[in-house]
There are 2 protein chains.
Amino acid sequence: MTTIKDIAKVAGVSVTTVSRALNGYSDVSEKTRKKIELIAKELNYSPNTLARSLVMNKSKTIGLLISGIHKGMIKDDFMVEILAGIDDYVAYTDYDLILFSTNSTKQREKTYSQLIRERKVDGVILQGMKTEDPYLKEVVESDIPCVLIDIPIKSSTVGYVTTDNVLGAKKATEYLIGLGHKNIAMMNGHNFAFVSQSRLEGYLEALNEADIAVNWEWIVNGEFEESVAERVATYLLTKNPEITAIFCASDLMAFGTMKAAKNLGISVPDELSIIGFDDILLASYVTPPLTTIAQDKFEMGYQAAKLLLEMLENREGVHGIYLDTELKVRESTKSR
Amino acid sequence: MTTIKDIAKVAGVSVTTVSRALNGYSDVSEKTRKKIELIAKELNYSPNTLARSLVMNKSKTIGLLISGIHKGMIKDDFMVEILAGIDDYVAYTDYDLILFSTNSTKQREKTYSQLIRERKVDGVILQGMKTEDPYLKEVVESDIPCVLIDIPIKSSTVGYVTTDNVLGAKKATEYLIGLGHKNIAMMNGHNFAFVSQSRLEGYLEALNEADIAVNWEWIVNGEFEESVAERVATYLLTKNPEITAIFCASDLMAFGTMKAAKNLGISVPDELSIIGFDDILLASYVTPPLTTIAQDKFEMGYQAAKLLLEMLENREGVHGIYLDTELKVRESTKSR
DNA sequence: TTGAAAGCGCTAACAT
DNA sequence: ATGTTAGCGCTTTCAA
């Protein structure tokens, strides 16, 4: 492997000159620069980023801390789209991505922040962490720049990008109300997700503004999992046959709810309207196609990467980004 | 950021001793080791892997060269599952993953092998490269260990994992034949994929063994893309109404073919049987659910990672791995 | 059992 | 415009 030392030797100059020439500094004569560049090419030289990072104290890598790289990823394309968005932005920079998958099942003896510090990433993007995750605190409190997906924490080194979940949930609920529904249940995720809190808020707002009394027994948690949602929905629908519509805080949970309805012989959308949240790929393929609130996941990733790099280069940027949602009307909802 | 120097100072020993103690060498007294470990913890020390990598000349990172991180990834979960499989294996090692997405649209001024050399990855996994990709050659000819997904090249530094595509395609075709079909077309990918060659081979084998004459006009290329497949299938089916079954070399192309049939008013599976290859998630959600040959994509990723690490640690392993397929009978095929 | 010293490949003052 | 020197944080001979 050629080093600048080799080049220096061949060119008959010092390593400093080589370094300067190759890095485009102005204080090197055009002649020597040309010579050095030529030799570098001939020797098939590539710089050793390790050495460079060590001395410059920045690695030009950004860490991606993602949870559940395997479990959810297949059916729920949320993570994949985020990743695609991040990649799309990062591809045009000189940063590379290093993946830290926080597989909860595996007993990593090292904490995330240890990993991050060891690998000397310049910044990190966090996705899929629960609000009470001890590591979240650890990372946020460290001085390493990070941007959080769907967790609105802001500081000089922390930014976030998320969807306007309150408004999104409100839109969903209002749509149901507009359809003539009054007995609208909500299948939420769990209490350790900011998005759940926000979506609940939107749901409540919509009900309040329409002067519909809130029935707290109709607000349940499906843990963002299809199977849990199915179980919970089965119970909910059996106990409360008067429910005519359900707003689900994720498409996957909407699928579970649809299954529950099917098993109970409740027809969707004739007897029960179901609306989801996310607009994952499958949403338009299930039967009936799912009406849902679409979030722009790709854009979330893109904006997250953009924000992080802005922070890294000390360019001022907005540290808190809210993305819009869009109602996708399909066939799982019907006017009453 | 604490370094071993800081620890050494506090402990009143040399950096050498600290290094040895922390790395579990035996030639350090239990007493000093304990002391050093304690101090390290108190000072919240993490080793700088950059420095370590530089001197040890290995980085404990493996590069993931994947193509089309955004385009295909959403609908076609192939890449995602591979990634999940890789991650699943790597998670239990002390290696980390660094992502090089070879977005064809972007004009990377650097070649893959440059990226790889600069980042000093210890090994690399390649996915989604066409056989004639100049970079493939470049990487394979370099001395850096790599394992290829779906490209059977073997050398001392190159291994591969792939599906038994010949057998898989044969199974598919035989199933169609067993159903009573004789006029069986094939929608292949393109000529620059080994898998296409193998799947064609399997198709031909099955026909030959059943004494069915091959009609070369019925063998077309859909470029592994849904839209292309739709166009090609439309033409094929219009020209050759006698075709009663089509074996598609990917599920996505099978979807395109289904669309073509639908537009032409050809009912699947009543008038036309369609069988796919891959078994992507969507396969069981489309209407009618797609009969297909399933590959174990997760396992491919897992085995690829396993093989690469075996190569890196000089453990002997099989450099060429073939995985089995499984026929998933659903509702897009019917006996004639 | 421990330490001194060299060096991995690079950049960055500070000369000249 | 170019070179000398020091040093990033670590591992590893070689001595003691």
Side-chain angles (χ1 to χ4, degrees), chain A residues 1-37 39-40 43-61 94 96 114-122 144, chain B residues 1-37 39-40 43-61 94 96 114-122 144:
Chain A
M1 209 83 299
T2 20
T3 71
I4 50 171
K5 212 192 234 166
D6 301 323
I7 299 179
K9 205 172 294 170
V10 176
V13 296
S14 74
V15 291
T16 315
T17 306
V18 177
S19 173
R20 279 192 286 235
L22 261 22
N23 288 303
Y25 280 62
S26 56
D27 56 352
V28 48
S29 81
E30 211 41 49
K31 196 171 133 229
T32 42
R33 154 166 292 128
K34 280 279 168 271
K35 182 164 71 173
I36 287 171
E37 277 171 351
I39 296 175
L43 263 40
N44 196 20
Y45 169 77
S46 342
N48 184 332
T49 53
L50 259 33
R52 175 180 290 158
S53 300
L54 183 59
V55 56
M56 307 240 295
N57 204 29
K58 51 184 171 147
S59 62
K60 293 284 180 178
T61 57
D94 55 349
D96 280 313
Q114 268 180 302
L115 281 174
I116 288 166
R117 271 156 43 212
E118 290 188 4
R119 286 292 182 183
K120 290 275 175 267
V121 301
D122 294 335
I144 153 151
Chain B
M1 209 83 300
T2 15
T3 71
I4 51 171
K5 210 192 236 167
D6 302 323
I7 299 179
K9 205 171 296 172
V10 176
V13 295
S14 74
V15 291
T16 315
T17 305
V18 176
S19 173
R20 279 192 288 237
L22 260 23
N23 288 302
Y25 281 60
S26 55
D27 57 351
V28 49
S29 82
E30 210 42 47
K31 196 170 133 232
T32 42
R33 153 166 292 127
K34 280 275 167 276
K35 182 165 68 175
I36 287 170
E37 279 170 350
I39 295 174
L43 263 40
N44 196 20
Y45 169 77
S46 350
N48 183 332
T49 54
L50 258 34
R52 175 180 289 160
S53 300
L54 184 59
V55 56
M56 307 242 292
N57 204 30
K58 50 184 172 144
S59 61
K60 292 285 180 180
T61 56
D94 54 350
D96 280 315
Q114 268 179 304
L115 282 174
I116 288 166
R117 272 157 41 214
E118 289 188 5
R119 287 292 184 182
K120 291 275 174 270
V121 300
D122 294 335
I144 155 152

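For the numbers below, each heavy atom of this structure counts, side chains included, while hydrogens, waters and symmetry mates do not. Every chain is numbered from 1 and lettered A, B, ... according to where its sequence line falls, protein lines coming before strand lines. All of these numbers come straight from a predicted model, not from anything done at the bench.
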Side chain of Thr49(A), backbone of Glu118(B): donor and acceptor closer than 3.5 Å?
yes
May I have the distance from Lys58(B) (atom NZ) to dC8(C) (atom P), rounded to whole angstrom?
18 Å
Can you check whether Ser19(A) has a side-chain N or O nearer than 4.0 Å to OP1 or OP2 of dC10(C)?
no
Using a cut-off of less than 4.0 Å, is there contact between a side-chain N or O of Ser14(A) and OP1 or OP2 of dT4(D)?
no
Would you call Val121(B) and Ile144(B) a side-chain contact if the rule is heavy atoms closer than 4.5 Å?
yes
Of the listed dG9(D), dC10(C), dT2(C), the closest approach to the Pro47(A) side chain comes from dC10(C)
Base, sugar-phosphate, or nothing for Ser29(A), non-hydrogen atoms under 4.0 angstrom?
sugar-phosphate
Remember a base hit wins even if backbone is also touched, and classify Thr49(A) as base, sugar-phosphate or nothing at under 4.0 Å, heavy atoms.
nothing
Under 3.5 Å: donor-acceptor pair, side chain of Ser46(A), backbone of Arg117(B):
no
Spacing of Ile4(B) atom CD1 relative to dT12(D) atom C1', expressed in whole Å
11 Å
Return yes if some donor-acceptor pair links the side-chain N/O of Ser19(A) with the main-chain N/O of Val15(A) below 3.5 Å, else return no.
no
Would you mind telling me which of dT11(D), dC8(D), dA1(D) lies closest to the side-chain atoms of Val55(A)?
dC8(D)
Do NZ/NE/NH1/NH2 and the carboxylate oxygens of Lys60(B) and Asp94(B) come within less than 4.0 Å?
yes
Nearest-angstrom distance from the residue atom CG of Leu54(A) to P of dT11(C)
11 Å
Output the rounded distance in Å from CZ (Arg117(A)) to P (dC8(D)).
19 Å
Say you draw a straight line from CG of Leu22(A) to CD1 of Ile4(A); how long is it, rounded to the nearest 0.5 Å?
8.0 Å
Can you tell me how far C1' of dG7(D) sits from CG of Asn57(A), to the nearest Å?
13 Å
In whole Å, what is the span from the CD atom of Glu118(A) to the P atom of dG9(D)?
15 Å
For Thr17(B) and dT1(C), is the shortest distance between a side-chain N/O and OP1 or OP2 below 4.0 Å?
no
Kindly say if Thr16(A) contacts the phosphate of dT11(C), meaning a side-chain N or O under 4.0 Å from OP1 or OP2.
no
Name the residue closer to the 5' end of DNA chain C, choosing between Val13(B) and Met56(B) according to the nucleotide with the nearest heavy atom.
Val13(B)
Tell me whether the side-chain N/O atoms of Tyr25(A) come closer than 4.0 Å to OP1 or OP2 in dA12(C).
yes
Closest to the Ala51(A) side chain, choosing from dG9(C), dT11(D), dT11(C):
dG9(C)
Quick one: is dC10(D) close enough that its OP1 or OP2 comes under 4.0 Å of any side-chain N or O from Tyr45(B)?
yes
Can you tell me the distance, in whole Å, between the CG atom of Asn48(B) and the C1' atom of dC10(C)?
14 Å
Figure out the NZ/C1' separation between Lys5(A) and dA6(C), and round it to whole Å.
11 Å
Mind checking if Thr32(A) touches a base, just sugar-phosphate, or nothing, with heavy atoms under 4.0 Å?
sugar-phosphate
